Colleague: 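Before I ask anything, here is the structure I am working with.
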Amino acid sequence: MATPTLQVALDLLDLDRAVEIAAEAVQGGADWIEVGTPLIKSEGMRAVRTLRERFPNNEIVADMKIADTGAIEVEMAAKSGAGIVCILADADDAVIAEAVRSARKYGVRLMADLINVSDPLARAREVAGLGVDYINAHVGIDQQMIGRSSLDLLHRLTGEVNAPIAVAGGLDAGTASAAVAAGATIVIVGSNIIKAADVTAATRRVREAIDHPEIRPREKESPDAVIRRLFEAVSAPNVTDAMHRKGAMAGIISICGRVRAVGPAVTVRTVSGDWAKPVEAIDIARPGDVLVISNDGRKDISPWGELATHSAKNRRLAGIVIDGAVRDVDDIREMGFPVFATATVPNAGEPLGLGEINTEILCCGQEVRPGDWIVADESGVVVVPRERAYEIGRRAMEVRKTEERIREEIRRGRTLSEVSELLKWEKRR
Ligand SMILES: O=C(CO)[C@H](O)[C@H](O)COP(=O)(O)O
């Protein structure tokens with residue numbers, strides 16, 4: 001088997017950062033350098049020219065995602081120094097045919113990207129027939145976030161298409177290795193290399209994995225276990241970032257300081273400090289659930305205290321979130337159990353049995369339904385609609401990864417303003 005090609009995808013906005021990251025990736029064993037679509041949109045053909053000059057020994061791939069004017073876009077990329085130009089397989093045959101003619105004229109190769117193609121196998125065969133050089137089994141970044149898999153797409157193509165197959169879409173060392181074992185000859189990795197604090201080490205891990213490919217049995221995890229794993233790895237701020245600043249409860253804090261609670265909500269609506277329903281809900285909740293209680297925002301009476309916390313802890317609940325007050329704070333702190341509340345007050349309520357369990361409630365300004373996911377830490381409490389929990393978990397992980405690299409660049413001496421090119425990207429009016 002020929003050595004597979006490792007292509008690093010520079011999906012960044014800033015050319016200086018892209019050059020630095022590319023250098024580290026090449027040191028780790030990347031063969032081809034892809035000028036990612038965001039970089040091309042941000043910096044234009046200057047990005048292709050610069051990377052060509054800085055990396056004379058590496059193939060430069062221009063991810064133009066061509067949809068129209070095939071000839072001129074291939075010409076631009078070729079004249080700027082790209083050796084391979086990416087076109088959308090979804091483009092009309094007329095666009096692909098023109099791009100192929102232009103590619104032959106300027107001595108470059110074409111890679112057709114199967115992103116969003118409804119019948120990938122049929123289209124892959126067609127574009128290969130039109131003269132495209134490589135087929136890219138690509139699942140795009142937004143598609144990955146809702147659970148689509150590039151490996152699944154790859155499996156539909158290998159051995160069926162008369163062209164070398166590249167694969168892209170959320171690959172890491174493990175999935176890259178499996179992709180080569182399944183027949184991919186070009187492995188494209190973006191996020192899991194370029195967002196790493198140590199890009200060289202991350203590239204090396206992928207290099208090593210694809211040079212010794214193996215099919216590893218995929219871990220069987222339930223959807224809820226995957227969601228929990230994702231949310232446990234991120235912070236509440238990562239989650240609100242992923243939700244475009246939505247989902248955060250207002251005016252609620254952690255009673256025990258540095259604790260976290262992650263889990264699906266069991267909701268409780270109670271009235272005027274009545275503690276019957278909150279305590280009944282402890283027995284209804286499953287281990288790992290978060291009890292989310294609305295007490296009409298009343299801060300003068302506590303429907304929750306130490307004994308309830310003790311009981312919740314015994315039942316292995318993940319935490320308590322209450323739009324209202326709690327008491328016995330010193331005992332709760334001693335238990336170190338995650339309780340999030342809007343106030344503390346020593347007054348107890350009465351067990352009257354008013355209210356409801358597992359209905360939609362409003363908690364600190366956010367609607368919470370049974371089964372919505374809660375991510376709470378010292379920064380606050382975020383509620384994630386249950387139908388978007390997987391997607392938001394994936395997006396929050398990407399936020400976390402992006403911050404890892406930025407943190408590393410700040411550690412190396414840059415300011416946050418420089419790393420994020422603040423002046424360039426301030427919103428123009
Ligand atoms: O073309 C792209 C997005 O449209 C990316 O370059 C490609 O998906 C690889 O990046 P990642 O590994 O982060 O998915």
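Not measured: the values here are computed from a predicted model. Below, all heavy atoms of this structure are taken into account, side chains as well, without hydrogens, waters or symmetry copies. Both counts, for ligands and for their atoms, begin at 1 and track the order of listing.
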Colleague: Quick one: closest heavy-atom pair of Val199 and Ile193, and the distance?
Modeller: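 Shortest heavy-atom separation between Val199 and Ile193 comes out as CG2-O, 3.4 Å.
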Colleague: If you measure from the Lys or Arg side-chain nitrogens to the Asp or Glu carboxylate oxygens, is any gap between Glu403 and Arg400 under 4.0 Å?
Modeller: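 The answer is no: the pair does not qualify as a salt bridge.
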Colleague: Can you sort out the partners of Asp90 under salt bridge (Lys or Arg N to Asp or Glu O under 4.0 Å), two or more places apart, ordered by chain and number?
Modeller: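 None.
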Colleague: Would you mind reporting whether Glu356 and Ile361 have side-chain heavy atoms less than 4.5 Å apart?
Modeller: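 When only atoms from C-beta onward are counted, Glu356 and Ile361 do not touch, as no gap falls below 4.5 Å.
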Colleague: Under a strict 4.0 Å criterion on non-hydrogen atoms, which protein residues are in contact with ligand 1?
Modeller: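 Lining ligand 1 at under 4.0 Å, by heavy atoms, one finds Ala9, Asp11, Glu34, Asp63, Lys65, His138, Ile141, Gln144, Gly169, Gly170, Val189, Gly190, Ser191.
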Colleague: Just one of Arg386, Glu387, Arg394 clears the side-chain hydrogen bond (donor to acceptor under 3.5 Å, both in side chains) bar with Tyr390, so which one?
Modeller: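 The single option meeting the side-chain hydrogen bond (donor to acceptor under 3.5 Å, both in side chains) with Tyr390 is Arg394.
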Colleague: Give the intermediate values and the outcome of salt bridge (Lys or Arg N to Asp or Glu O under 4.0 Å) for residues Arg228 and Glu221.
Modeller: CA-CA 11 Å; Arg228 182 177 291 282; Glu221 261 183 314; over 6 Å; no
